[in-house]
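Convention: sequence-line order gives letters A, B, ...; per-chain numbering from 1.
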Amino acid sequence: MGPAVNRPVDGSLLVGLGPLRVRTSRRRIVLSSVLAAGLVVIGLVAMGTGTIRFSPAEIVEALAGRGSYAAERVVLGIRAPRLLAGIAVGACLGLSGAVFQNLTGNPLGSPDVIGFVTGAATGAIASIIVFSAGPVVVALAAVGSGLATAVVVVALSGMAGGSGAGGGYRLVLVGIGAAAFLGALNDLMMTRVSGEISVGAQQWLVGSLSSREWTVVWPCLVVLAIGLPVVLALGRRMTAMQLGDDVAAQVGVPVVATRLALTAVGVVLVAAATAATGPISFVALAAPQITWRLAGRGRPALLGTALLGSVLLVTADLVSQLLPDAVNLPVGLVTGLLGGVYLLVLLSRGAR
Amino acid sequence: MTQALRAASASAHGRRRWSRRGVTVTLAVAVPLLAFATLFVGGQTLSPADVMSALAGDGHPETVLVVRELRAPRALLGILVGLGLGVAGTLMQALTRNPLAEPGILGINAGAAAAVVTGMMAGSVAGAPVTGAAGTYLSFVYAFAGAAAASLVVLVLGGAFREGTDPVRLTLAGAACAIVLGAYTHAMTLNQPDLFQAFVHWGVGSLQGRGMDVVWPAATIILPAAVVACLAGRRLNALALGSEMGRALGADPRRLAVVGGVLVVALAGGATAAAGPISFVGLAAPLAVRAVVGPDYRWVVPLSALTAAIIVLFADALGRVVTPPLEVETGVVAALIGAPVFIAMVRRRRWARL
């Protein structure tokens, strides 16, 4: 038995050392490597694209602090934070989607289903319409109201009280109820104000990565750096809970505590992403589904999902920058168009 | 099979508190009564005597206009939209075997919205009316065409016409399609602020300003489909036991998916075309009904239709009186009132899973 890799009977691989070992398969390692390599390539292209173009060599020099003044200003000051924001937000959304789809056992169980995104929109619209607030206040209001919604939904679903079986299912149902209620409030606000203001709110509602600075990027990166290991560490418990609460409890998983922990991590991940960019649809729904179709079903491929979320968002942002100026298509819409079409193609090829 | 279901239903719910016949009779009486009651409610206060004489055709011409041309079609449309949404939601939950499925999920609302936006834009270029009665009627046509096209695409990509229909795949195809079309609609309105103004009001869902010219086509589309769906309860029961079991009991899952898909297009497409996208009603009505009467679709389909009709009628009437003279849209009221009730029910009962 080698220290780093050994092979149990079922053909899967155990990678890592001691408590940090992760059960995986060759197919997943290949998938994650391909996605990571793809992310590097797309990242270099994205940093070289714009009003001023740079070659990959110039970008590397600028990142190392040895480039020209202009290159360093543009690459380090504008494009690197935007790229990192895309990577971090994509990964947060992908992971959060994987957590909630597992928790609810439903492909539609994405974070917006439990009312977080609708609640965030309520805060944002109210702050735009009632207080005509600036971007920072809008982001804070969004995250605050989103978190409040999530707390209320979790409390109402009785998950903390150890309701046992069906807790995830009840969470989704309560979340849908909350989302419907808040969505109606949002509609009410949007239809009662003048055109310019509601168009402004509409702009925020689609999410965007343009002109994101380092101050926006750091919080999201920190949350990802804490959230990713936590989710990976809980991965084995998630697998056990897929078999049902009773089975999971019998193999020693503290079901209620795990579900609460996963909900908390999932909500914090999506909150960090929403604060950075506004709500970006679809990544949380599609990234886990696409990954599971590529990596094979069974245990959730969490690292792959995070990477795929990043690739999806960075690619979408690149596409949205390459479009002519007359077409205003923020990244949140491109993810919908690109990811949606890709998921449809994947489905129509019948990967069953 | 009936015995098996009855046993399953009994074990899932313990003793049923209400008899199914009693519930059916109550709801069936409540719908026309509520529809009649909405004739007395509105921005313009009319005495009951005025309303009655206006219905008979005499009285002040303005009163006759309000009652017979505005309120009566609106009440009829409320019933139709409710029937359509309730039955469509039930069918979709049965076909996708996903209790979260609702008319928004199979891309129907998104298809209708995309078609309305496209139609409004092409129309404003070609000089067709966007607002007013003619605009409302044109929106009905666009919306139904869009809803039908989108659902067809979803059914094909979701594999409904192939051997071995996979409900997860159907659900995902619907969600993906809804998001692609939603992004398209969003992009259109974002680049055309004028269009956004016209569209944002259609996009909320309301029964306001629809006349008999919308009621007739909606009735022709929704009523036959609702009747057929009510007769399909036994087959849906068989499907609920799984594809294999369903086949053994004589319900061909593929044929059921195709017929069910066509019915959903007619019901949800018709309702959305008539009133705009009203979310939540199609989801909540079947869930609530199933929690009360159990999983037998022979009862769930018609009772969901009646329950949804009551929700829509009630929400519409309430929306007219809370902030006179302005109205609150039917879809908004339905969600604001329905959602807390729904959450309270979820918390109290053990919900039957599909």
Side-chain angles (χ1 to χ4, degrees), chain A residues 104 106-110 113 153 156-158 166 169-170 172-174 176-185 187-188 190-192 195-196 198-199 202-203 205-206 281-282 285-286 289 326-330 332-348 350-352, chain B residues 98-102 105 153 156-159 162 164 166 168-169 171-173 175-184 186-187 189-191 193-194 196-197 200-201 203-205 279-280 283-284 287 326 328-329 331-336 338-347 350-351 353:
Chain A
T104 61
N106 197 312
L108 298 177
S110 76
V113 166
V153 167
L156 284 178
S157 68
Y169 182 60
R170 194 182 286 125
V172 191
L173 289 179
V174 174
I176 286 178
F181 184 83
L182 293 167
L185 269 187
D187 281 342
L188 202 57
M190 294 282 279
T191 46
R192 293 299 179 277
E196 264 174 55
S198 66
V199 170
Q202 179 88 339
Q203 292 268 12
L205 284 177
V206 292
S281 65
F282 202 60
L285 172 90
Q289 290 298 325
V327 186
N328 175 11
L329 209 57
L333 297 182
V334 183
T335 51
L337 291 172
L338 272 186
V341 170
Y342 182 57
L343 184 56
L344 284 175
V345 169
L346 214 54
L347 287 169
S348 71
R352 256 187 291 137
Chain B
N98 192 328
L100 308 186
E102 51 116 12
I105 296 283
V153 169
V156 170
L157 290 180
R162 289 191 217 177
D166 175 4
V168 174
R169 200 172 132 174
T171 313
L172 275 179
C177 218
I179 281 169
V180 172
L181 290 168
Y184 164 81
H186 235 105
T189 52
L190 211 57
N191 287 294
D194 298 340
F196 175 70
Q197 278 308 300
V200 76
H201 289 279
V204 171
S279 59
F280 191 66
L283 172 82
L287 280 172
L326 289 176
V328 183
E329 290 83 353
V332 171
V333 181
L336 286 180
V341 176
F342 176 75
I343 292 177
M345 288 189 77
V346 174
R347 282 167 52 75
R350 304 206 65 180
W351 287 66
R353 302 194 75 143

Closest non-hydrogen contact found for Ala339(B) with Phe181(A) is CB-CB, 3.7 Å
Identify the two heavy atoms, one from Leu344(A) and one from Ala173(B), that lie closest to each other, and give their separation to 0.1 Å. CD2-O, 3.7 Å
At a heavy-atom separation under 4.5 Å, does Val328(B) approach chain A through its side chain, its backbone, both, or neither? both
So which heavy atom on Gly336(A) is nearest to which on Val180(B), and how close? O-CG2, 3.7 Å
Proximal component of Leu181(B), with respect to chain A [non-hydrogen, under 4.5 Å]: neither
Smallest heavy-atom separation, Leu188(A) atom then Leu336(B) atom, equals CD2-CD1, 4.4 Å
So which of Gly340(A), Ala178(A), Ala286(A), Ala184(A) has the biggest tally of heavy-atom pairs under 4.5 Å with chain B? Ala184(A)
Please report the closest heavy-atom contact between Ala176(B) and Phe282(A), naming both atoms and the distance. CA-CE1, 4.2 Å
Counting only heavy atoms closer than 4.5 Å, note whether Leu185(A) contacts chain B via side chain, backbone, both or neither. both
